[in-house]
Amino acid sequence: MQNEIRVRFAPSPTGDPHLGSIRTALFNWLFAQQNNGKFILRIEDTDQSRKQHNSDQKMITALKWLGLDWDEGPYYQSKRLEKYHTAIDTLIKNNKAYRCYCSPERLDNLRKQNSKNHDKKFIGYDKLCRKNSNLETSKPHVVRFAMPETGKTIFNDIVRNEVSFQNELSEDFIILKSDNFPTYHLANVVDDNDMKISHVFRAEEWLPSTPKHINLYNALGYPIPKYGHLPMLLSSDRTKLSKRHGATSIIDLINIGYIPIGLINFLALLGWSLDDKTEIFQTEELIKNFDIHDLTKSGAVVDYEKLSWINGYHIRSLDPDSLAKQIYEFWELNPPKNFDTSPTMEETKKIVPLIQNRIKILSEISEYIGFYFKKSIDYTIEELIQKGMDLQSTKIALEASKSALNSITKFDSVSIETSLRNTAIELQIKPGQLLSTLRVSLTGQKISPSLFEIIELNGIDKTIERINISIEKMTT
RNA sequence: GGCGCGUUCGUCUAGCGGCCAAGGACACGGCCCUCUCAAGGCCGAGAUCACGGGUUCGAAUCCCGUACGCGCUACCA
């Protein structure tokens with residue numbers, strides 16, 4: 001089918017998967033989903049020196065975790081060298097490219113000299129080898145593309161409308177390196193043609209090299225895809241997003257406790273919005289409403305506060321069982337340091353109602369619920385004694401709570417609440433005083449989920465045991 | 001330096017010639033609720049739409065210029 005929508009995500013395996021890359025992947029994926037198109041994954045590993053082991057695997061893991069599944073690939077450019085060489089041979093044969101024997105030293109000097117002389121005509125390379133039709137192939141060399149020396153390259157960017165560049169301002173860029181690997185420019189064009197890519201959505205930083213690509217398409221006789229250059233993701237100082245200002249690796253974000261839909265929802269809103277009020281989207285709603293033609297043009301600063309808010313919102317709206325599943329998986333990969341035991345699925349399900357609307361990210365749970373997974377809790381007598389109370393009255397309060405709890409027939413949070421509130425009245429102290437004492441006694445924490453639910457969760461035996469420990473503590 | 005892109009509350013954004021002396025959200029402040037922490041509810045502060053010229057009866061919205069910012073300018077992608 002000729003008009004099939006085919007997009008690709010083409011990361012280079014040079015580090016951890018970056019938030020910006022993921023956003024590009026998301027926009028491509030959404031576009032493919034809503035157009036019944038194909039989403040292709042291609043690993044651009046043409047730079048052997050910058051390549052990092054496992055980088056591609058991390059990318060794959062991240063995409064799967066987010067649910068951004070692909071229809072074809074991953075293709076690896078390093079396994080497709082023949083295709084590039086064929087294209088390059090064709091270009092040389094047609095005088096659209098030429099071998100260049102200039103040494104890196106010569107190029108370096110050339111640039112230094114010209115920047116000193118402020119020569120405005122000089123662009124990157126002086127085309128020495130383009131003039132000499134010296135075709136000795138034995139000597140080390142690169143291959144350069146012969147850029148048109150006149151005219152303009154004009155294209156209609158889906159995000160930015162018409163963009164135009166003077167051809168003479170693009171240098172005769174290298175398409176084949178001396179290690180026999182193609183550069184990005186060439187491999188990218190050959191592959192996009194080979195894989196019948198219909199739309200190229202990539203970050204704005206690629207905009208200036210687009211005329212190079214278009215001229216390459218023309219020289220090779222390939223049809224030109226539609227382009228859309230996405231606004232960049234920025235750090236708080238408005239420069240290209242970098243890890244100096246926060247986590248940019250999606251792997252780090254996963255380990256902090258963001259959930260897939262939280263990240264997807266947040267990323268979708270960086271450069272796109274539905275209207276003047278809707279902030280929360282499920283993936284299906286994004287597929288339905290997202291519009292690549294309606295993007296913001298300026299860069300967007302990544303606001304981690306807002307990410308957390310969106311993430312928390314989704315955590316709150318998840319059904320408890322699927323939240324439990326996500327927490328369980330999260331804890332498997334990131335066991336909380338303050339736990340003495342590994343939570344089972346059953347235990348995880350039990351604690352969900354207590355923390356669901358108190359957290360923004362999964363890593364916050366362990367602070368709230370640590371007492372439940374600890375063999376013993378730790379606190380001082382001072383922490384036990386509340387404002388307006390002393391050692392004696394605190395002890396009395398604990399004793400009274402003990403007998404009140406012991407006499408409850410139906411041990412659930414509602415009965416527990418009634419019983420303890422009555423105890424406070426009988427003792428003539430404020431509910432807050434009683435409950436705060438119990439909170440410390442039962443959790444060792446000043447901050448916790450609802451006390452009544454905690455008592456139900458702990459059960460009568462563990463509760464009495466911990467109260468006894470407090471009483472003993474104050475007696476010695 | 002050259003080239004390109006961009007510019008609405010601190011941040012993400014709505015706005016596509018009159019509905020805007022600019023709306024929403026995050027963050028922030030206050031109040032309510034309340035067993036702590038959250039969540040939730042209500043209220044508030046916050047942008048003369050970078051600046052200057054046009055065009056028009058009318059401009060945040062169209063055009064031009066200036067400034068500023070960012071990106072690119074590698075045998076990196």
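In what follows, chains carry the letters A, B, and so on, assigned in the order in which the sequence lines appear, proteins first and then strands, with residues in each chain numbered from 1. Predicted model, so just to flag it, every value in this text is computed and none were measured. Note: hydrogens, waters and symmetry copies are ignored here, and every other heavy atom, side chains too, is used.
As judged by a 4.0 angstrom heavy-atom cut-off over every strand, A:Thr278 is placed among residues making no nucleic acid contact. Nucleic acid contact class of A:Ser164 (heavy atoms, under 4.0 Å, all strands): sugar-phosphate only. Across all strands shown, A:Val142 has heavy atoms under 4.0 Å from base atoms, whether or not it also approaches the sugar-phosphate. Here A:Pro431 lies out of heavy-atom contact (under 4.0 Å) with every strand. A:Gly271 comes within 4.0 angstrom of the backbone, heavy atoms only, and of no base.
A:His18 places its NE2 atom 18 Å from the P atom of B:A77, with the value rounded to the nearest Å. Regarding A:Ile454, its CD1 atom lies at a distance of 9 Å from the C1' atom of B:U36, rounded to whole Å. Rounding to whole angstrom units, CD of residue A:Glu279 and C1' of B:G23 are separated by 12 Å. One can place CZ of A:Arg23 at 12 Å from P of B:C12, the figure rounded to the nearest angstrom. In this structure, the CG atom of A:Asp303 is 7 Å from the C1' atom of B:C12, given to the nearest Å. Atom pair A:Ile310:CD1 and B:U11:P shows a separation of 17 Å (rounding to whole Å applied). As rounded to whole Å, 17 Å separates atom P of B:C72 from atom CZ of A:Phe173. Spacing between atom CG of A:Leu186 and atom P of B:C75 amounts to 15 Å, rounded to whole angstrom units.
The pair A:Glu417-A:Arg421 counts as a salt bridge, with a side-chain nitrogen and a carboxylate oxygen less than 4.0 angstrom apart. Comment: A:Asp108 engages A:Lys112 in a salt bridge, judged by a side-chain N to carboxylate O separation of less than 4.0 angstrom. For A:Arg439 and A:Glu383, the salt-bridge test fails: no basic side-chain N is under 4.0 Å from an acidic carboxylate O.
For B:G6, its base never sits under 3.5 Å from the side chain of A:Glu204 at any donor and acceptor pair. On a pure distance criterion of 3.5 Å, no polar donor-acceptor pair joins the side chain of A:Arg238 and the base of B:C70. The base of B:C76 is paired with the side chain of A:Arg50 by a donor and an acceptor separated by under 3.5 Å. Counting atom types as modelled, A:Ser450 pairs a side-chain N or O with a base atom of B:C35 as donor and acceptor under 3.5 Å.
In this structure, the nucleotide among B:C75, B:C3, B:G23 sitting nearest to the side chain of A:Asp276 is B:G23. Taking only side-chain atoms of A:Thr296, from C-beta outward, the nucleotide of B:A27, B:U13, B:G24 with the closest atom is B:U13. Minimum atom distance to the side chain of A:Ser273 is reached by B:A14, of the listed B:A14, B:G2, B:C75. Among the nucleotides B:A39, B:C35, B:U73, the one closest to the side chain of A:Lys360 is B:A39. Listed candidates were B:G4, B:C35, B:A39. Nearest to the side chain of A:Phe452 is B:C35. Picking from B:C72, B:G24, B:G6 the nucleotide with the shortest atom distance to the side chain of A:Lys297 gives B:G6. Proximity note for A:Ile447 (side chain, C-beta onward) versus B:U13, B:C37, B:C5: the nearest is B:C37. Among the nucleotides B:A39, B:A27, B:G4, the one closest to the side chain of A:Trp309 is B:A27. Residue A:Val163 places its side chain closer to B:C5 than to any other of B:A77, B:A14, B:C5. The nucleotide whose nearest atom lies closest to any side-chain atom of A:Tyr368 is, among B:A27, B:C76, B:C37, B:C37.
With a cut-off of 3.5 Å on both pairing distances, the Watson-Crick or G-U wobble partner of B:U66 is B:A50. Base pairing annotation: B:C3 forms a Watson-Crick or G-U wobble pair with B:G71, both donor-acceptor distances under 3.5 Å. Across all strands shown, B:C37 remains unpaired; no Watson-Crick or G-U wobble contact has both distances below 3.5 Å. Of all nucleotides present, only B:G44 satisfies the Watson-Crick or G-U wobble test against B:C28, with each distance under 3.5 Å.
Between A:Phe145 and A:Phe173, the angle of the ring planes lies from 30° to 60°, which puts this pair in the tilted group.
Looking at every heavy atom in both residues, A:Ala397 comes nearest to A:Leu427 through CA-CD1, 3.7 Å.
The shortest distance between the side-chain N/O atoms of A:Lys177 and the OP1/OP2 oxygens of B:C76 is below 4.0 Å. Phosphate proximity of B:C72 to A:Lys240: present, with a side-chain N or O under 4.0 Å from OP1 or OP2. Taking 4.0 angstrom as the limit, A:Arg111 places none of its side-chain polar atoms (N or O) nearer than this to OP1 or OP2 of B:G2.
With both ends at atom C1', the span from B:C26 to B:C68 equals 26 Å, rounded to whole Å.
Comparing A:Asp275 and A:Leu451, the nucleotide of RNA chain B nearest to each residue sits closer to the 5' end for A:Asp275.
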